[in-house]
**Student:** 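Structure in structure tokens, see below.
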Amino acid sequence: AQSVTQLDSHVSVSEGTPVLLRCNYSSSYSPSLFWYVQHPNKGLQLLLKYTSAATLVKGINGFEAEFKKSETSFHLTKPSAHMSDAAEYFCVVTPSGGYNKLIFGAGTRLAVHP
Amino acid sequence: EPEVTQTPSHQVTQMGQEVILRCVPISNHLYFYWYRQILGQKVEFLVSFYNNEISEKSEIFDDQFSVERPDGSNFTLKIRSTKLEDSAMYFCASSPSRGTGGNSPLHFGNGTRLTVT
């Protein structure tokens, strides 16, 4: 069975400092992995996706994530946080061949302080 | 950019009442989904729908739930007799094809917050 574990429920950073949101996955198959972001009163927006191509994936708004099979990790990073990055972030897995039945992590709430 | 739209944004209903949550998927998309998130819990898959029939459903999606595409644009989720535990944020999503999510990512609406009292 596939699952994802987001290691931090809350992360707080200062504006201009790096962001690291951690995610570990469990999958019997070659997974597709995603990060979605949810701003207050907004829907879930796709940040980036990994689908067995390059292991370092670049997304929108300066975010990127690295797929590390040996560590079963897919951590999300950004070099410099902006106030507008404050949101809830979800790590998501779907098994290869899985038809959009997304399996969500519990979410990490990112707070950005001036 | 085209969006998935959901109405209403917030619905309050009494236990035992029927509710219909409405969604307008992106116009050229063919696959439609409902997910829900109970407060403080994970986002959970409910059902996927294609070619006017359910293609997959979770164990949550019992006989109290139904989905319908009544016309060419709307996609609805009906809860026949609501229970307190149905209180959640319900997200509609659509995708252009069935391919694995990476090749055909889901586009989500802003959600409908359902409160059952």
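Labels below follow one simple rule: chain letters A, B, ... track the order of the sequence lines, proteins then strands, and each chain is numbered from 1. Values in this document were obtained by computation on a predicted structure and should not be read as measured data.
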**Student:** Quick check on Leu46(A) against chain B: is it the side chain, the backbone, both or neither that has a heavy atom closer than 4.5 Å?
**Tutor:**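 Contact with chain B: side chain only.
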**Student:** Decide if atom CG of Asp63(B) counts as having more than 12 heavy atoms of other residues, nucleotides or ligands within a radius under 6.0 Å.
**Tutor:** no
**Student:** Walk me through it: do Phe108(B) and Lys42(A) pass the test side-chain contact (heavy atoms from CB on, under 4.5 Å)?
**Tutor:** CA-CA 9 Å; Phe108(B) 285 87; Lys42(A) 296 290 187 182; over 6 Å; no
**Student:** Would the number of heavy atoms belonging to other residues, nucleotides or ligands and lying under 6.0 Å from CG of Leu84(B) be above 12?
**Tutor:**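 Atom CG in Leu84(B) is crowded, with more than 12 foreign heavy atoms closer than 6.0 Å.
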**Student:** Heavy atoms only: give me the nearest Leu102(A)-Tyr35(B) pair and the separation to one decimal.
**Tutor:** N-OH, 2.8 Å
**Student:** Specify the closest pair of heavy atoms between Val4(A) and Lys42(B), including all atoms of both residues, with the distance to one decimal.
**Tutor:** O-NZ, 3.8 Å
**Student:** Considering all heavy atoms of both residues, which atom of Tyr36(A) and which atom of Leu106(B) are nearest to each other, and what is their separation?
**Tutor:** OH-O, 3.4 Å
**Student:** Determine, using the 4.5 Å side-chain heavy-atom cutoff (strictly less than), whether Tyr31(B) and Val92(A) are members of one ILVMFWY cluster.
**Tutor:**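 In one cluster with Tyr31(B): Val92(A), yes.
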**Student:** Say whether Leu47(A) and Tyr25(A) are linked into one hydrophobic cluster, either directly or through other cluster members, by side-chain heavy-atom distances under 4.5 angstrom.
**Tutor:**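 Yes, Leu47(A) connects to Tyr25(A) through the hydrophobic network.
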**Student:** When rounded to the nearest 0.5 angstrom, what is the spacing between NZ in Lys101(A) and CG in Leu46(B)?
**Tutor:**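 One gets 11.0 Å once the value is rounded to the nearest 0.5 Å.
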**Student:** Between Gln38(A) and chain B, which part of the residue has a heavy atom less than 4.5 Å away: side chain, backbone, both or neither?
**Tutor:**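 For Gln38(A), the contact with chain B is made by the side chain alone.
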**Student:** For residues Val37(A) and Ile60(A): do they belong to one hydrophobic cluster (side chain heavy atoms under 4.5 Å, members Ile, Leu, Val, Met, Phe, Trp, Tyr)?
**Tutor:** yes
**Student:** Take Phe104(A) and Phe45(B) through the ring-ring contact (aromatic ring centres under 6.0 Å, His included) test and state the conclusion after the steps.
**Tutor:** CA-CA 9 Å; Phe104(A) 283 74; Phe45(B) 168 80; over 10 Å; no
**Student:** Is the NZ atom of Lys78(B) crowded by more than 12 outside heavy atoms at less than 6.0 Å?
**Tutor:** no
**Student:** Which atoms of Glu3(B) are under 4.5 Å from chain A, going by heavy atoms: the side chain, the backbone, both sets, or neither?
**Tutor:** neither
**Student:** Is atom CD of Gln14(B) surrounded by more than 12 heavy atoms (other residues, nucleotides or ligands) closer than 6.0 Å?
**Tutor:**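 Open.
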